[in-house]
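Below you'll find the structure, written out as structure tokens, and then a few comments.
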Amino acid sequence: MSDEKVLIGVIGGSGLYHLDNLTLVKHVNPETPWGFPSSPIAICSLPSGTRVAFLARHGQGHTFHPSTVPARANIAALKSLGVRVVLAFSAVGSLREEISPGSFALPTQIIDRTKGVRPVSFFEGTTIVAHASFGDPFSLGFVRWLEGKVEKALEEEGRGVKLFKDKCIVCMEGPQFSTRAESVMYRQWGADLINMSVLPEAKLAREAELSYGLIATATDYDAWRPHSETVTAAEVFKTLKANADTSRHVVASILEDLQNAINSKEEGQGLLLGEVGTMQYSIMPRSEQQNPKDRKKLAFILPEYFSE
Ligand SMILES: CSC[C@H]1O[C@H](OP(=O)(O)O)[C@H](O)[C@@H]1O
Ligand SMILES: Nc1ncnc2[nH]cnc12
């Protein structure tokens, strides 16, 4: 563990590769039992000194495609820096007319359409079995906290970006976009947004007992509209820059309040850090059969349960 703790982690998705509206303090590149993160992590700070650890999900040069993002290393590296709360950003397709490209959304549910090719658990390949609770895949306390703060930040920015709440996101495998039939089916399932990145990231954050919330930034209407062209990368790129500028503004304007909320006993324990302690009830209890090497590996993310 690094001795300089940073409580807040931000994961930037497509188009969001830096937080250059904050001051860069340094880069760190922690090696984890699951390898190195997608890119060195930038520790950035506000003028007040409040710091954030920023990680570009696809690497600085967007070199990882969605199925090969080293999500375990990313989450483990953030946790090793002291991070307790992860605010992730993602470029998403919209499955609803009212969520126009350029809108922001805070999902509270996920439908998994990944294809089993991504490692989804820190416990995979070990002698220790755990079943994390995932009925509410985002940290509801954190999401509810974000709603008002993000809305205020968007109003302050004055570009008219709307915020949608309580939405359901489909995570597909990719890297190709959906067919028209799939896109229509996801709407029938009740989904509102689609991306390729929220899983396994959200699952791994839960296993590491981190609070995790996603700000979904809409770039296109996916492929469900009968009389429109289907989505292309070129279409997505049109809104990426404006969405990234707004995302940076949101981070800068909520950071201080978020740090204070984490530090405040009442809000911090009750709302924001609701996942702390949850893995205690998820790990199968036959600890005498746990291989010491596996315990050491898992102690990297859950020292409370696996340190000697
Ligand atoms: C560039 S379009 C598809 C790509 O964009 C999203 O990435 P991220 O979630 O990291 O912003 C989507 O999930 C796909 O990976
Ligand atoms: N339509 C779409 N499908 C999946 N991921 C996306 N990311 C941005 N737009 C997307």
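Atoms within a ligand are numbered from 1 in the order they appear, just like the ligands themselves.
Which parts of ligand 2 touch T219 is read off a 4.0 Å heavy-atom cut-off, strictly below it: atoms 8 (C), 9 (N). Less than 4.0 angstrom separates some heavy atom of D220 from each of these atoms of ligand 2: 1 (N), 2 (C), 8 (C), 9 (N), 10 (C). Close contacts between ligand 2 and G93 involve ligand atoms 1 (N), 2 (C), 6 (C), 8 (C), 9 (N), 10 (C) [criterion: under 4.0 Å to a heavy atom].
Contact residues of ligand 1 (protein heavy atom closer than 4.0 angstrom to a ligand atom; sorted by chain and number): G13, S14, R57, H58, P66, S90, A91, F177, N195, M196, S197, V236.
Classification of D166 and R144 as a salt-bridged pair holds, one side-chain N sitting under 4.0 Å from a carboxylate O. The pair K152-D257 does not meet the salt-bridge criterion, since no charged nitrogen lies less than 4.0 angstrom from a carboxylate oxygen. Here K162 does not pair with E98 in a salt bridge; the nearest charged N to carboxylate O distance is not below 4.0 Å. With salt bridges taken as basic N to acidic carboxylate O contacts below 4.0 Å, none links D294 and K297.
On a distance-only criterion, V236 and ligand 2 share no N/O pair closer than 3.5 Å. Taking distance alone, with nitrogen or oxygen atoms compared against 3.5 Å, V231 stays at or beyond that limit from ligand 2.
Classified by interplanar angle (parallel below 30°, tilted 30° to 60°, perpendicular above 60°), the ring pair H62/H58 is parallel.
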query = Going through the distances and angles, do Q290 and T127 end up as a side chain to side chain donor-acceptor pair (under 3.5 Å)?
reply = CA-CA 6 Å; Q290 293 176 357; T127 50; over 6 Å; no
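Using a 4.5 Å cut-off between side-chain heavy atoms of Ile, Leu, Val, Met, Phe, Trp and Tyr, with links allowed through other members, Y186 and V92 fall into different hydrophobic clusters.
Heavy atoms from both the backbone and the side chain of I194 come within less than 4.0 Å of ligand 2.
Considering only non-hydrogen atoms, atom 5 (N) of ligand 2 lies nearest to N195 out of V170, D222, N195, L95.
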